[in-house]
Amino acid sequence: MMFRIGDELYHVAHGILMAKQDRRIDTSHTDVLPTSEWKRTFRRRLIGWYRRHAREMPWRETRDPYRVWVSEIMLQQTQVATVVPYFERFIAAFPDIPALAAAREDEVLRLWEGLGYYRRARQMHKAAGVMVEKHDGRFPRDANSAGQLPGVGRYTLGAILSIAFDARQPILEANTVRLLSRLLAFDGDPTRADAQRLLWAMAEALLPRREAGRFNQALMELGSQICLPRGPRCEDCPAMTLCPTRAAGRQEEIPRTKKKPPPEEVREAAVVVRRRGKVLLLRRDNAGRWAGLWDFPRFELSSQRADAVQRELVEKVRQMTGFSVQPEAKLTTIKHSVTRFRITLECHEARYLRQDVEPQNRPEMRWLLPEELEAFPLSVSGRKLGCLLVEGIGSGAPVSGSAKRSSAKT
DNA sequence: AAGGCGGGGGT
DNA sequence: ACCCCAGCCTT
């Protein structure tokens with residue numbers, strides 16, 4: 001079904017829009033992709049636009065597969081502006097795959113501190129080991145091998161192989177889901193399996209024969225700079241006249257998004273336990289948030305009144321460590337959000353009670369000097385949060401990374 | 001198929 | 001205050 005919009009040709013995809021409204025079409029069928037003429041026009045305009053508007057990024061200065069890989073892992077669910085400084089530090093510390101493989105896990109996590117999704121760092125470290133063991137210390141060109149590396153899913157595989165090796169591999173991620181949904185006027189739920197099949201098929205159908213990497217990056221750039229979630233800048237879009245969603249004025253409806261439930265309110269306490277000038281850290285459980293990373297003793301708070309909070313604090317620290325503390329001051333309160341939770345974190349100071357007795361040093365327990373804590377503060381929501389990440393499980397190595405307590409006076 | 005995993009940018 | 005972000009993995 002050809003379509004005419006203004007003076008431009010158009011394409012079958014618009015048929016989806018009309019038919020979907022009639023509820024006659026099963027969008028799992030992917031026989032509704034653009035014509036060759038549409039695709040040629042789109043590619044030409046997209047690349048032309050990209051030549052003029054591609055942003056500079058450190059990982060775009062090269063096609064070194066290692067750097068492309070590092071950038072793609074860091075960019076998972078993380079915006080470009082956030083990644084840039086982390087990428088620079090990471091590459092400086094680990095300039096190539098063997099260097100990364102030779103590092104300790106806690107050193108890798110240190111450089112990830114504050115970036116989130118810490119599993120990515122562990123998976124990268126592990127993958128570097130695999131590449132040294134099985135792939136001659138290089139990122140494998142072979143899709144089957146690359147796809148088996150931990151942390152490399154379908155998107156990341158396509159991105160790395162297309163960008164670094166000029167392989168004709170499609171990608172699909174947040175920006176291009178939005179862009180392609182609009183180019184297809186697809187108004188179903190894009191997270192559904194049939195929709196994903198359609199969108200991947202579209203991503204593949206659009207690929208040029210050569211320079212798929214540049215094309216894929218252009219798609220993402222257009223999605224992130226022009227085809228915005230709300231208020232897309234259609235007037236500046238090289239595909240404006242190719243876009244049925246724009247033609248129908250439905251940019252705010254497509255793609256459909258799910259409303260998220262409001263975050264749950266949680267109250268937590270963190271305790272800065274001091275003993276002989278040192279501060280206590282505990283390694284967190286291997287499951288859940290900040291799995292296996294180091295933190296101040298922290299727990300969910302059920303009490304309201306200050307005196308009850310102090311009793312709860314003493315009891316909780318005893319549970320977690322086996323020894324007693326004397327609460328001394330409330331340092332500060334910090335609010336921050338973590339996915340579905342809105343956390344109000346009270347930071348308290350307490351003193352180890354039995355100065356004359358050595359607390360048994362369990363592997364999940366560390367005493368750090370203040371300067372070690374000051375070294376690398378973890379910033380959350382622009383504030384110094386008293387928590388600390390880092391160090392592998394049972395490695396016995398000294399804690400190399402840290403955070404600091406809030407510096408509030410009271 | 002759904003849920004967990006983090007933190008911050010942009011409006 | 002809210003939405004969203006160069007996804008992956010487990011259940």
Side-chain angles (χ1 to χ4, degrees), chain A residues 54-55 57-60 67-87 109 112-124 126-127 147-160 162-163 170-179 189-196 200 203 213 216-225 227-233 252 255-264 284-293 295 334-343 378-385 387 389 403:
Chain A
R55 291 172 292 173
M57 302 174 192
W59 48 90
R60 283 183 175 168
R67 292 175 191 229
V68 173
W69 172 50
V70 172
S71 71
E72 290 302 339
I73 300 295
M74 286 187 171
L75 285 162
Q76 289 168 5
Q77 292 292 285
T78 311
Q79 296 183 161
V80 168
T82 305
V83 165
V84 168
Y86 283 89
F87 178 84
L109 284 165
W112 214 269
E113 195 180 22
L115 195 56
Y117 290 134
Y118 300 94
R119 179 166 40 181
R120 294 181 295 178
R122 294 190 166 112
Q123 288 171 326
M124 280 199 75
K126 191 173 298 181
Q148 289 178 29
L149 296 170
V152 178
R154 191 170 176 187
Y155 161 77
T156 305
L157 175 72
I160 297 172
S162 66
I163 295 170
I171 56 145
L172 186 67
E173 43 74 70
N175 295 304
T176 61
V177 165
R178 191 171 55 249
L179 175 62
D189 174 358
T191 67
R192 285 178 42 158
D194 56 352
Q196 288 285 306
W200 275 103
N216 285 336
Q217 294 184 81
L219 283 179
M220 294 189 278
E221 195 84 330
L222 187 64
S224 64
Q225 302 302 112
C227 200
L228 305 171
R230 280 163 308 176
R233 300 164 45 199
E252 301 297 334
R256 270 173 38 190
T257 62
K258 290 188 174 119
K259 247 187 280 295
K260 283 177 194 164
E264 187 179 328
R284 296 172 64 97
D285 191 84
N286 280 329
R289 182 161 54 100
W290 291 346
L293 303 176
D295 190 11
I334 296 171
K335 290 181 182 295
H336 73 287
S337 299
V338 184
T339 315
R340 301 182 351 262
F341 302 103
R342 173 105 185 129
I343 299 177
L378 177 62
S379 174
V380 174
S381 302
R383 310 181 62 163
K384 307 302 184 192
L385 182 60
C387 65
L389 313 175

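In what follows, chains carry the letters A, B, and so on, assigned in the order in which the sequence lines appear, proteins first and then strands, with residues in each chain numbered from 1. The structure displayed is predicted, hence computed values, not measured ones.
Checking dG9(B), dC5(B), dA1(B) against every side-chain atom of Tyr117(A), the shortest atom distance belongs to dC5(B). Listed nucleotides: dG6(B), dC8(C), dG9(B). Nearest to the side chain of Arg119(A): dC8(C).
Remark: Arg230(A) is not in phosphate contact with dG10(B), judged by side-chain N or O atoms under 4.0 Å from OP1 or OP2. OP1 or OP2 of dG6(B) has not a single side-chain nitrogen or oxygen of Trp112(A) nearer than 4.0 Å. Phosphate proximity of dC8(C) to Arg120(A): absent, as no side-chain N or O sits under 4.0 Å from OP1 or OP2.
As a whole-Å value, the separation of Leu115(A) CG from dG8(B) P is 9 Å. Whole-Å rounding puts the Asn286(A) CG to dT10(C) P distance at 15 Å. Between Arg233(A) atom CZ and dG10(B) atom C1' the separation is 13 Å, expressed in whole Å. Taking atom CD1 of residue Ile160(A) and atom P of nucleotide dG7(C), one finds them 13 Å apart after rounding to whole Å. In this structure, Glu252(A) places its CD atom 11 Å from P of dC4(C), rounding to the nearest Å. Straight-line distance from the CZ atom of Arg340(A) to the C1' atom of dC3(C): 17 Å, rounded to whole Å. Met124(A) has its CE atom 22 Å from the P atom of dC5(B), to the nearest Å. A straight line from NZ of Lys260(A) to P of dC4(C) spans 6 Å, rounded to a whole angstrom.
A donor-acceptor pair is defined here as one N or O able to donate and one able to accept, closer than 3.5 Å; no such pair exists between the side chain of Arg256(A) and the backbone of Pro190(A). A donor-acceptor pair under 3.5 Å links the side-chain atoms of Ser162(A) to the main chain of Gly158(A), judged by distance alone.
Between Phe341(A) and Ala193(A), the one whose closest nucleotide on DNA chain B sits nearer the 5' end is Ala193(A). Comparing Gly288(A) and Gln79(A) against DNA chain B, the residue whose closest nucleotide sits nearer the 5' end is Gly288(A).
At a threshold of 4.0 angstrom between heavy atoms, the contacts of Arg178(A) are confined to the sugar-phosphate backbone, with no base atom among them. Contacts of Thr82(A) with the nucleic acid, taken as non-hydrogen atoms under 4.0 Å apart, involve only primed sugar atoms and P, OP1 or OP2. Within 4.0 Å of Ala159(A), counting heavy atoms only, lies no atom of the nucleic acid at all. Counting non-hydrogen atoms under 4.0 angstrom, Ser71(A) reaches nothing in the nucleic acid.
Closest non-hydrogen pair, Ala159(A) versus Glu72(A), comes out as CB-CD, 3.7 Å. Contact record, Arg120(A) with Gln76(A): NH1-O, 2.9 Å, taken as the closest heavy-atom pair. Annotation for Leu109(A) and Tyr118(A): closest pair CD2-O, 3.9 Å, computed over non-hydrogen atoms. Smallest separation of non-hydrogen atoms from Ile160(A) and Val68(A): CA-CG1, 3.9 Å. Between Ala287(A) and Asp285(A), the shortest heavy-atom distance links the atoms N-OD2, 2.8 Å.
You'll find a donor-acceptor pair under 3.5 Å spanning the side chain of Thr78(A) and the base of dG6(B), going by distance alone.
Taking the ring centroids of Tyr86(A) and Trp112(A), they lie at or beyond the 6.0 Å cut-off.
Residues from residues 147-157 of chain A with heavy atoms under 4.0 angstrom of DNA chain B: there are none.
Using modelled atom types and a 3.5 Å distance limit, the side chains of Thr176(A) and Glu173(A) yield a donor-acceptor pair. No hydrogens or angles considered: nothing links the side chains of Ser224(A) and Asn175(A) as a donor-acceptor pair under 3.5 Å.
For the pair Glu221(A) and Arg60(A), the salt-bridge criterion is met [side-chain N within less than 4.0 Å of a carboxylate O].
In DNA chain B, runs of at least 3 consecutive Watson-Crick or G-U pairs, each pair with both distances below 3.5 Å, span B:1-5 with C:7-11, B:7-11 with C:1-5.
Across dG6(B) and dT11(C), the matching P atoms stand 16 Å from one another, rounded to whole Å.
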